[in-house]
There are 2 protein chains.
Amino acid sequence: MNLPPLVQSFVLHFGEMGSRWGINRTVGQIYALLYVSPEPLNADQIVDSLGISRSNVSMSLRELQAWNLVLLKHLPDDRRDFFTTPDDVWQILRTLAEERKKREVDPTLSVLREILMQQPASDAERHAQERMAEMHGLIERLTTWYDDVKKLETDRLATLLTLGAKVTRLLEAKDKIVSLGRSKRNPDRA
Amino acid sequence: MNLPPLVQSFVLHFGEMGSRWGINRTVGQIYALLYVSPEPLNADQIVDSLGISRSNVSMSLRELQAWNLVLLKHLPDDRRDFFTTPDDVWQILRTLAEERKKREVDPTLSVLREILMQQPASDAERHAQERMAEMHGLIERLTTWYDDVKKLETDRLATLLTLGAKVTRLLEAKDKIVSLGRSKRNPDRA
DNA sequence: TTGTAATTTCAGTAACTACTGAAATAACTG
DNA sequence: CAGTTATTTCAGTAGTTACTGAAATTACAA
């Protein structure tokens with residue numbers, strides 16, 4: 001490996017974390033390298049920087065493309081492929097969330113739905129279905145929220161984050177205002 | 001494996017997903033089994049239900065305990081350990097979030113902090129640090145939000161989720177009210 | 001065409017992770 | 001204390017995933 005020290009620390013860390021994130025070491029390292037590189041890199045540059053085989057780079061880039069985590073660029077009069085990551089970290093976050101949902105959540109949701117369609121044949125199955133229904137309900141709530149929130153533009157999303165739990169206080173205020181408004185127009189319903 | 005069909009589907013699915021979630025097949029299966037069981041199970045019952053070795057069950061339960069995902073119960077006049085999952089799926093979600101953050105996010109945050117402390121020795125390092133600072137900023141925002149939201153009681157959290165992106169509309173309303181209030185008391189600052 | 005550079009595929013192997021059975025340890029009982 | 005049951009540890013092995021080098025394919029150029 002042949003990189004400036006600070007970059008190397010970052011790249012090695014991403015490699016180590018790779019396994020915890022469900023990608024492998026090489027994929028993690030390549031991603032980290034592309035992320036901090038000022039210019040797009042081609043496969044041979046990655047080979048030189050990380051000291052791994054050309055074929056490994058090829059397969060790992062393919063993996064990163066499957067995750068939509070890298071962008072393919074071309075320079076004039078050069079037919080090699082050059083790779084980068086998006087500049088905007090929020091965009092990266094969105095992609096990551098989307099892909100992880102697709103791989104880690106959606107399959108479970110559909111298995112749960114399938115099982116819940118079936119007729120339980122015993123008390124054990126009946127109880128199991130109840131538990132699965134709870135899990136299904138929670139996951140659906142979370143994904144509905146996610147589908148909703150992911151549509152927000154970045155600055156709105158940022159505001160939402162900054163606000164955090166303070167929103168609930170706002171909600172109480174809103175409740176009061178709304179019920180006040182209602183009680184004036186419609187005194188019968190609380 | 002010796003389980004009612006619906007339970008078996010669920011257990012097998014969790015086993016398959018295990019690898020995507022950063023746990024292994026057996027751990028996933030045991031968790032799924034405990035989750036849908038009406039009563040706590042002891043190790044031998046797990047062995048019988050899943051058809052795996054006693055030692056594998058022991059190691060996997062240990063893993064689940066490290067994740068705080070299972071509860072240990074004892075029956076009167078029985079010195080075997082019995083295991084369950086919490087009844088409340090929201091509690092499970094909280095634990096999961098907490099543990100994943102600890103394993104998947106916190107280490108990166110601290111590596112980023114360390115690297116950002118150092119003096120860049122070249123343009124390449126300067127640029128890399130800028131990129132890392134962006135990543136660090138985003139992760140900090142997200143974890144601050146998370147720390148904030150995790151304190152909410154479940155029903156508040158549920159409200160927040162149900163509201164989703166609609167909150168921003170509420171925010172606009174709030175902005176108007178606030179700026180209106182301000183402009184009355186303090187006409188100079190917009 | 002033929003040649004050349006870029007990239008991918010893939011069989012084989014290295015490295016790693018999961019799992020088992022046997023042995024050791026721990027926790028209790030009479 | 002010796003005996004019994006519950007649980008853990010761990011060396012060895014099975015199973016899986018990651019990686020390489022060589023060969024094949026693709027894309028273009030002369």
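Just so we're on the same page: letters track the sequence lines, and every chain starts at 1. In this text, all values refer to a predicted model and were calculated from it rather than measured experimentally.
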Heavy atoms of other groups near B:Lys102 NZ, more than 12 under 6.0 Å: yes
B:Leu41 CG to D:dA6 P, straight-line distance once rounded to whole Å: 16 Å
base_contact_polar (D:dT5 base, B:Arg79 side chain, donor-acceptor, <3.5 Å): yes
hydrophobic_cluster_shared for B:Ile52 and B:Met1, side chain cutoff 4.5 Å: yes
Minimum-distance nucleotide to A:Arg80 side chain [options: D:dC19, C:dA6, C:dT20]: C:dA6
B:Val7 versus A:Ala128, closest heavy-atom pair with distance: CG2-CB, 3.7 Å
Residue-phosphate contact under 4.0 Å: B:Arg62 side-chain N/O, D:dT9 OP1/OP2: yes
Between P of C:dA27 and NE2 of B:His74, the distance in whole Å: 11 Å
Rounded interatomic separation in angstrom, taking CG from A:Asp81 and P from D:dT26: 15 Å
Among C:dT20, C:dC19, D:dC19, the nucleotide that comes nearest once only the side chain of B:Asn24 is considered: C:dC19
Phosphate OP1/OP2 of C:dT8 contacted by A:Ser58 side-chain N/O (<4.0 Å): yes
Plane angle bin for B:Tyr31 and B:Phe14 - parallel if under 30°, tilted between 30 and 60°, otherwise perpendicular: parallel
Gap between atoms CG and C1', on A:Asn56 and D:dT17 respectively (whole Å): 12 Å
Nearest-nucleotide pick for A:Ser55, side chain only, options being D:dC19, C:dT7, D:dT20: D:dT20
Spacing between A:Met59 atom CE and D:dA22 atom P, to the nearest angstrom: 15 Å
Toward the 5' end of DNA chain C, by each residue's nearest nucleotide, B:Val27 or A:Ala43: A:Ala43
Closest heavy-atom pair and its distance - A:Gln29, A:Leu50: CB-CD1, 4.0 Å
Closest to the A:Ile52 side chain, choosing from C:dT7, C:dT20, D:dT20: D:dT20
Sugar-phosphate only, base, or nothing, as touched by B:Thr26 at under 4.0 Å among non-hydrogen atoms: sugar-phosphate
Sugar-phosphate, base or nothing in reach of B:Arg54, heavy atoms under 4.0 Å: base
Base D:dG21 paired with A:Ser53 side chain (donor-acceptor, <3.5 Å): no
Rounded distance (Å) that lies between atom C1' of C:dC16 and atom CD of A:Glu16: 15 Å
Separation of atom CG in B:Asp77 from atom P in C:dC28, rounded to whole Å: 13 Å
Sugar-phosphate, base or nothing in reach of B:Asp44, heavy atoms under 4.0 Å: nothing
Rounded distance in Å - CZ (A:Arg25) to C1' (D:dT20): 13 Å
Non-hydrogen atoms of A:Arg94 and A:Glu153 that approach each other most closely: NH2-C, 3.8 Å
Touch class at under 4.0 angstrom, heavy-atom based, for B:Asn42 against every strand present: nothing
